[in-house]
There are 2 protein chains.
Amino acid sequence: MRSTVTDVGARRQATLGDVAAQASVSRATVSLVLRQSPLVAVSTRERVEEAIAAVGYVYNRGAARLRTGLSGTIGVIVPEITNPFYADLTAGIDETLDAAGRLAFLANSNESPQRQERFVRRVKEQGADGVILCAAVGTSPALIAQLRTWRLPCVQILRAVKGAEGDFVGPDFRAGIATVIRHFVARGHTRIALLPSSKQTSAAQDRVDAFASSMVEHGLAPGLVRACDAAPEAIAAEVGRLLEGSDPPTAFACHNDLMALDAAKEITRRGLKLGSAVSVIGFDDIPEASRAVPRLSSVATFPNTIGRRAANLLLRRIGSPSSTYERFLIEPQLIVRQT
Amino acid sequence: MRSTVTDVGARRQATLGDVAAQASVSRATVSLVLRQSPLVAVSTRERVEEAIAAVGYVYNRGAARLRTGLSGTIGVIVPEITNPFYADLTAGIDETLDAAGRLAFLANSNESPQRQERFVRRVKEQGADGVILCAAVGTSPALIAQLRTWRLPCVQILRAVKGAEGDFVGPDFRAGIATVIRHFVARGHTRIALLPSSKQTSAAQDRVDAFASSMVEHGLAPGLVRACDAAPEAIAAEVGRLLEGSDPPTAFACHNDLMALDAAKEITRRGLKLGSAVSVIGFDDIPEASRAVPRLSSVATFPNTIGRRAANLLLRRIGSPSSTYERFLIEPQLIVRQT
DNA sequence: AGCTTGTTTTGGATCGATCTAATCTGTTGG
DNA sequence: CCAACAGATTAGATCGATCCAAAACAAGCT
């Protein structure tokens with residue numbers, strides 16, 4: 001009663017109780033107003049809203065979560081935030097969560113399962129409502145099982161942890177490889193090499209599998225598969241070995257654009273003409289691909305879309321934890337440029 | 001007493017109380033153990049730790065925060081997460097916070113002050129202990145003032161909001177420009193152009209100011225300053241206009257590497273030889289700079305370091321909110337390559 | 001007036017931790 | 001034997017919201 005707006009100097013943050021006092025209603029009523037309940041009379045609602053503004057009240061979602069069990073937060077764990085692909089992905093997630101009024105914890109596992117485990121635990125401690133996880137190389141299925149016993153909804157993206165099923169969103173790498181091989185064959189290539197990442201992920205394995213069956217499908221001899229570290233020197237060396245071998249390949253399907261760019265560089269350095277003598281295609285269609293000379297052909301994988309889909313799926317799953325798992329494969333698109 | 005470890009099927013998450021019951025001690029004691037208090041006897045501590053493992057207890061930081069007022073979280077708001085510079089920065093922040101046992105909310109304002117404001121409010125609602133903010137273009141000083149009245153510590157990075165002082169960490173753009181001009185002059189250039197971003201930020205203004213005083217310092221006529229949108233076409237057009245003008249510049253200092261790469265492309269397209277006839281230098285030293293042909297000279301600005309410094313400063317500020325503001329300018333480094 | 005019925009409002013318990021001050025235990029010294 | 005004290009443990013209040021069941025109020029109908 002006595003307390004008025006002039007108590008601004010007060011060090012303490014305004015709470016529901018302060019608003020209630022200011023508006024001469026009960027705390028319960030203020031709570032109803034905050035949650036847009038249709039129960040409160042319009043006149044009271046207005047009075048309460050004025051009071052909220054007057055005392056400078058800010059909702060304390062942490063306190064609410066204690067009661068409701070819902071925090072309005074999501075954990076996002078990626079293995080390599082500095083990779084432009086993940087940055088795009090993150091932007092897509094961020095956008096969707098923003099629209100849903102939620103906030104994301106972002107953590108960079110840096111491909112370390114230990115660090116990843118630490119993050120998962122912290123995210124759980126903070127009471128996040130769910131997790132979007134791109135599992136680090138070497139992730140144990142036990143981690144996913146852990147999330148399950150915690151009843152913490154989880155959507156895996158890009159890489160599926162072996163031995164742990166669940167919701168999943170990622171590019172259809174198999175379809176992508178199939179398209180690339182079809183393209184190469186149409187152009188007359190018969191000696192084709194695949195350079196998958198040497199990281200042991202489902203994303204790499206998918207490429208290898210699809211490559212093998214595609215080659216068979218087109219009646220070609222099994223192509224050359226050379227798992228390759230992402231370092232520029234490693235790629236140059238591998239490309240060199242292939243080109244110096246007997247019956248060298250004339251087309252290279254690379255794990256991603258960064259690797260493809262380095263491969264292209266080495267091929268050019270050796271005096272071969274890209275686009276005519278030799279073809280190179282990467283994955284992801286990063287901005288650099290179209291800027292390079294010659295402009296790199298690439299399989300676009302739409303990270304932003306994947307991020308949005310994953311976030312939407314997670315939100316749905318949080319709403320209905322019991323329904324059966326979903327699996328979204330985003331159709332990639334071959335962008336033919338000069339290589 | 002009756003309840004044993006076998007209640008695993010229970011839907012409810014284990015709480016402090018469950019651990020206490022399991023270990024036959026009080027909740028207060030368990031709490032002390034969790035916080036590594038030296039008060040508890042070693043034998044009890046061990047008993048409690050066993051109980052924690054037995055019931056599968058996970059700390060509820062949200063509940064703790066209600067009492068302590070500390071959440072162990074930090075808000076990070078950047079204007080453009082897909083820019084590799086910010087990705088690196090984020091990685092630096094993430095690393096530092098990880099070491100400090102904290103978790104970051106990451107939000108992408110996308111240069112929208114409205115969105116940024118929404119995020120700031122959400123971060124506050126979630127009870128974050130502090131904020132690292134790279135202010136969107138057009139941010140009002142009122143936002144910083146708001147944070148201040150909320151007593152939410154804030155470290156600004158890269159761009160300082162005009163009219164709002166506070167803690168700051170960013171590259172020393174002035175020093176960077178000075179180095180570039182010195183380098184150009186040493187190479188014999190006298191007609192120099194500056195292409196700052198057309199975004200109205202302190203980061204752009206710093207470059208403009210430093211450019212002007214550098215030119216004077218070397219006894220040169222004021223150079224050409226052309227604020228420029230980041231779109232490749234806009235840059236090509238601007239570079240074209242400059243080159244076709246009377247007495248065209250022979251050296252270009254660009255706002256960042258992405259712009260510099262596009263400028264370089266246009267210069268090459270016009271048949272001018274980069275590195276001899278014309279020089280181009282960008283900022284940030286993104287990976288693409290060293291991969292481009294010709295290899296782009298650039299001013300490295302060390303985003304990862306900036307991220308770490310900012311995070312460390314924020315952690316210190318959370319520890320002692322009242323001490324005076326600090327301002328860290330990270331010395332950039334000119335990397336001379338082929339342009 | 002008394003009785004429904006429907007709409008608003010509310011007191012008090014509750015979520016899961018921490019904090020404070022008090023209690024309990026065991027030891028030591030007078 | 002008791003007072004004093006240090007060390008270890010605890011009961012109960014508390015943080016700021018939500019939930020529930022009950023109360024207050026208003027309007028309409030006998």
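Model, not experiment: these values are computed from the prediction. Throughout, protein chains are lettered first and strands after them, A, B, ... in sequence-line order, and every chain is numbered starting at 1.
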Rounded to the nearest Å, what distance is computed from the CG atom of residue A/L16 to the P atom of nucleotide C/dG12? 17 Å
Can you see whether A/S112 engages A/S109 through a side-chain donor-acceptor pair at a distance of less than 3.5 angstrom? no
On the nucleotide C/dT10, are OP1 or OP2 found under 4.0 Å from the side-chain N or O atoms that A/S26 carries? yes
What's the CZ-P distance between B/R27 and C/dT14, to the nearest Å? 13 Å
Determine whether B/V30 and B/V25 make a side-chain contact, defined as any pair of heavy atoms from C-beta on separated by less than 4.5 Å. yes
Treating A/S320 as the side-chain partner and A/R317 as the backbone partner, does any N or O pair qualify as donor plus acceptor under 3.5 Å? no
Write down the distance between CD (B/E125) and P (D/dG16), rounded to a whole number of angstrom. 15 Å
Side-chain donor/acceptor of A/T139 to backbone N/O of A/P113, under 3.5 Å: no
Could you state the CD-C1' distance from B/Q13 to C/dG16, rounded to the nearest angstrom? 12 Å
A/E117: partners by side-chain hydrogen bond (donor to acceptor under 3.5 Å, both in side chains), with sequence neighbours left out: none
Give every residue pair that meets the side chain to side chain donor-acceptor pair (under 3.5 Å) criterion with at least one member in residues 88-106 of chain B, sequence neighbours excluded. A/R115-B/D94, A/R115-B/D98, A/R118-B/D98, A/R122-B/D98, B/E95-B/R308, B/R102-B/D129
Does OP1 or OP2 of C/dA17 have a side-chain N or O of B/R35 closer than 4.0 Å? no
How many Å lie between CG on B/L39 and P on C/dC24, as a whole number? 19 Å
Can you list every side chain to side chain donor-acceptor pair (under 3.5 Å) pair that touches residues 33-53 of chain B, not counting sequence neighbours? B/S31-B/R35
Between P on D/dC15 and CG on B/L70, what's the gap in Å once rounded to a whole number? 16 Å
Length of the CG-P vector between B/L32 and D/dG7, whole Å: 15 Å
List the residues meeting ring pair (Phe, Tyr, Trp, His ring centres under 6.0 Å) with A/Y57, not counting sequence neighbours, and say none if there are none. none
Quick check on contacts: within residues 56-68 of chain A, what sits under 4.0 Å from DNA chain C by heavy-atom distance? A/L66, A/R67
Using the side chain to side chain contact (heavy atoms under 4.5 Å, CB included) definition, which of the options B/V78, B/V123, B/L158, B/L143 pairs with B/L133? B/L143
Do any of residues 40-50 of chain A sit with a heavy atom less than 4.0 Å from DNA chain C, and if so which? A/V40, A/A41, A/T44
Report yes if a side-chain nitrogen or oxygen of B/T29 is closer than 4.0 Å to either non-bridging phosphate oxygen (OP1 or OP2) of D/dT10; otherwise report no. yes
